[in-house]
*Asks:* 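Pasting in a structure now, in structure tokens, and then I'll have a few things to ask.
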Amino acid sequence: MSWSILELIRSNPEALEDSIKKRNLDPTLVKRAVELDLQWRKTLQEVEKIRHKHNQINSEIPKTAKEEREKKIQEARALLKELEAKEKELKEIEEQRDQLISSLPNILAKDVPVGPDDSYNVPIKVWGKFRVYKDDIEDFKKQLNGLQAEYETIDWRPVGHADMLETVLGLGNTEKASQVAGSRFFYIFDDIVWLDFSLLLYAIDIVTSKGYKLVVPPYMLRGEIIYSVIDMDTFKDAIYKIENDDLYLISTAEHPLAALHYKEDIEKDELPIKLAGFSPAFRREAGAANKDMKGIFRVHQFHKVEQFIYSLPEDSWKYHQELLGNVEEIFQGLEIPYRVVNIASGDLGACAAKKYDLEAWMPAQAKFREMISCSNCTDWQAYRMKIRFIDRKNNKKGYVHTLNSTAIASTRTITAILENFQKEDGSVEIPKVLRKYLEPFKAAPKDYILPRKKDTQMNRN
RNA sequence: GCCGGGGUGCCCGAGCGGACCAAGGGGCUAGCCUUGAGAGCUAGUAGGGAAAACCCUGCGCGGGUUCAAAUCCCGCCCCCGGCGCCA
């Protein structure tokens, strides 16, 4: 024992209730959990008493003379019947208890802003040189929460990333993709593909140079694993199931990386374990309805580099800052202006105790849009995955803390580049930091992605 | 996918229906001993419940047979070897 939620249920249910209320969930869940846990412990003791009696009789049987044996066996049989009924009762209570307890979200960190939805997210930092269309200045400033930002007013409105991709550059085709695969799929071509790869390599380069171990994980996981690493909402929104197998496509490398130490005890000295996973991410986007239907901002499939850390409980907040620091370094290198927001209680997923989003400025929309999420899940995932640390010196065991953060999500970052690095003539400058990853390839663009030529069709007219 | 062999605690490894605890070794941790190291000795080293003495559960996972399962039966997962298929 030592899972923080179970500890609170037994020692301080009020604190848990408070956290649940802030998430806009029903606080009576906690009362019910406390009751069920008490009932479970009581019934468990009853079951164990019967088992003990049965064990006692059993051990007497071989020592009993043949004539007496049958009597003992009957006695044991009778106890079994009694046991069966009690065990059934216990199992029912246990199932209810476990189901309820595992539906409880993580305990909120103290500094999570309280509020029902994303409008209560608190911007805590802005960085970069913003380009803002002249009519958007007021809108822009509103989104800064009073934080100071350096910005340049431009008198032309940049073209939105979707039109840039398909019309101006002619390097994407979502129409054909939706015909053959469905909406939210895409074909991308040439320079945009190079850009995708270079972003991934860039993020991998930065993160691995800090000692994160580079990993290509399984792209599918068994049901049991998916269910223990994810909450129900995410499951419904994101997860694709493979027909005929108990396999699910990953929606992020976070999940197979968390599963790398499934049901393991990790020696204290081996912590922290820092991983950098590369994988595609498959997402159903079932909850997104009609949001972001154009372009490649919100799609069913993209490439991602993910940071993941297993840490000792006492160190996890330090590493949460480290992950955010890495992400900021990546975006500062790209020179994409952004803000960091502290996600409000009502907008926070069940797994996380606290989450930062890094949101890039999108000048065509005059909005900040999420590029990266950086979460501390404390022991919520570790409890479900049964991942513990073991401190032999002090003969101590406990659940590790897990943290995850995007390092780069390819398609989203591309949309930010298409808007922020766009020139008035429709060309897109490639962030300087990416050039060295493009240099080895003859066909790859190096400095600019150019608008498509007024092609043959136009000339014919 | 098929045939054969296997999966026992932190590790090695015995046990193949009941005999007080899963024998025995190794490792690790603490204590004792020592000027120090080593050796030696003692204890601890799966999960859960209980204030505690204790008790229950645990031999890849899930079922079953039995008064009693590490041991017998069924299904699944994984590892090793062989055959087949394959980028």
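All of these numbers come straight from a predicted model, not from anything done at the bench.
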*Asks:* Among I449(A), D190(A), D191(A), which residue meets the side-chain contact (heavy atoms from CB on, under 4.5 Å) test with L169(A)?
*Replies:*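 Of I449(A), D190(A), D191(A), side-chain contact (heavy atoms from CB on, under 4.5 Å) with L169(A) is met by I449(A) alone.
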*Asks:* In whole Å, I'd like the distance from the CD1 atom of I266(A) to the P atom of C28(B).
*Replies:* 21 Å
*Asks:* For the pair H300(A) and F185(A), name the ring-plane relationship: parallel under 30°, tilted 30 to 60°, perpendicular over 60°.
*Replies:*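 It falls in the tilted class, 30° to 60°.
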*Asks:* How far does the C1' atom of C59(B) sit from the matching atom of C12(B), given to the nearest Å?
*Replies:* 15 Å
*Asks:* Using the P atom as the point on both nucleotides, what is the distance between G81(B) and G24(B), in whole Å?
*Replies:* 34 Å
*Asks:* Can you check the distance between G15(B) and G9(B), where both ends of the measurement are the P atom (answer in whole Å)?
*Replies:*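 It works out to 16 Å between them.
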*Asks:* Between atom CZ in R10(A) and atom P in G48(B), what is the gap in whole Å?
*Replies:*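 Roughly 10 Å, once rounded to whole Å.
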*Asks:* Rounded to whole Å, how long is the line connecting atom NZ of K263(A) with atom P of C78(B)?
*Replies:* 14 Å
*Asks:* Using only heavy-atom distances, determine whether the side chains of K304(A) and T252(A) contain a donor-acceptor pair under 3.5 Å.
*Replies:* yes
*Asks:* Grab the CD-C1' distance between E264(A) and C10(B) for me, whole Å please.
*Replies:* 13 Å
*Asks:* When the distance from CD1 of I61(A) to P of G17(B) is rounded to whole Å, what number comes out?
*Replies:* 19 Å
*Asks:* Over all heavy atoms of both residues, which pair between N106(A) and C351(A) is shortest? Give the atoms and the distance, please.
*Replies:*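 Minimum heavy-atom contact is ND2-O, 2.9 Å.
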*Asks:* What interatomic distance, in whole Å, is found between P of A70(B) and the corresponding atom of G62(B)?
*Replies:*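 Looking at atom P only, G62(B) and A70(B) are 14 Å apart.
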*Asks:* Rounded to whole angstrom, note down the C1' distance from G63(B) over to G13(B).
*Replies:*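 Per the computed distance, 29 Å lies between those C1' atoms.
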*Asks:* Touch check for I390(A), heavy atoms < 4.0 angstrom, all strands: base, sugar-phosphate only, or nothing?
*Replies:*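 The answer is nothing, as I390(A) stays clear of every strand by at least 4.0 Å.
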*Asks:* Let me know the distance between CZ of R388(A) and P of A46(B), rounded to the nearest Å.
*Replies:*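 To the nearest whole Å, that distance equals 10 Å.
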*Asks:* To the nearest angstrom, how far is E84(A) atom CD from A68(B) atom P?
*Replies:* 11 Å
*Asks:* If I pick the C1' atom on A87(B) and the same atom on C3(B), what distance separates them, to the nearest angstrom?
*Replies:*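 26 Å, rounded to whole Å.
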*Asks:* For Q74(A) and W40(A), find the nucleotide of RNA chain B closest to each by heavy atoms; which residue's nucleotide sits nearer the 5' end?
*Replies:* W40(A)
*Asks:* Once ring pair (Phe, Tyr, Trp, His ring centres under 6.0 Å) is applied, do any residues pair with F189(A), and if so which ones, sequence neighbours excluded?
*Replies:*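 If we apply the ring pair (Phe, Tyr, Trp, His ring centres under 6.0 Å) test to F189(A), skipping adjacent residues, there are no hits.
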*Asks:* Could you state the interatomic distance from CG (L403(A)) to NE2 (H320(A)), rounded to the nearest 0.5 Å?
*Replies:* 6.5 Å
*Asks:* Relative to the 5' end of RNA chain B, which residue comes earlier, I73(A) or R97(A), by the nucleotide with the nearest heavy atom?
*Replies:* R97(A)
*Asks:* Given the rule that a pair is Watson-Crick or G-U wobble with both distances under 3.5 Å, how would you write RNA chain B in dot-bracket, using | for pairs to a different strand?
*Replies:* ((((((((.[[[..)..(.....]]]((((((.......))))))((((....))))..[[[[[..)....]]]]])))))))....
*Asks:* If you look at every heavy atom in Y262(A) and S228(A), which pair is closest and at what distance?
*Replies:*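 Where Y262(A) meets S228(A) most closely, the heavy atoms are CE1-OG, 4.3 Å.
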*Asks:* In Å and rounded to the nearest 0.5 Å, what is the NZ to CG distance from K355(A) to D347(A)?
*Replies:* 6.5 Å
*Asks:* Walk me through it: do Q381(A) and Y399(A) pass the test side chain to side chain donor-acceptor pair (under 3.5 Å)?
*Replies:* CA-CA 9 Å; Q381(A) 279 175 335; Y399(A) 291 101; over 6 Å; no
*Asks:* Below the 4.0 Å mark, does C77(B) have OP1 or OP2 next to a side-chain nitrogen or oxygen of R222(A)?
*Replies:* no
*Asks:* NE2 of H54(A) versus C1' of A68(B): gap in Å, rounded?
*Replies:*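 My rounded result for the distance is 7 Å.
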*Asks:* Hey, does the Lys NZ or Arg CZ of R412(A) hover above the aromatic six-ring of F302(A), less than 6.0 Å from the centre and inside 45° of the axis?
*Replies:*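 Judged by the rule, R412(A) and F302(A) form no cation-pi pair.
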*Asks:* Cation-pi between K241(A) and Y248(A): NZ/CZ under 6.0 Å from ring centre and within 45° of the ring axis?
*Replies:*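 That pair qualifies as a cation-pi contact.
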*Asks:* Counting just side-chain N and O atoms, does K72(A) come under 4.0 Å of either OP1 or OP2 of A68(B)?
*Replies:*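 K72(A) to A68(B) OP1/OP2: no side-chain N or O under 4.0 Å.
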*Asks:* In whole Å, what separates the C1' atom of G58(B) from that of U71(B)?
*Replies:* 15 Å
*Asks:* Using nucleotides 54-60 of chain B, report all nitrogen or oxygen pairs with the protein that are shorter than 3.5 Å.
*Replies:*
from   : atom 1 : to     : atom 2 : distance (Å)
C55(B) : O3'    : H52(A) : ND1    : 2.7
C56(B) : OP1    : H52(A) : ND1    : 2.8
C56(B) : OP1    : N55(A) : ND2    : 3.2
C56(B) : O2'    : R51(A) : NH1    : 2.8
U57(B) : OP2    : N55(A) : ND2    : 3.1

*Asks:* Between R41(A) and G48(B), is there a side-chain N or O to OP1/OP2 distance below 4.0 Å?
*Replies:* no
*Asks:* Sticking with atom P, work out how far G7(B) lies from U57(B), rounded to a whole angstrom.
*Replies:*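 Pairwise P distance, G7(B) against U57(B), rounds to 24 Å.
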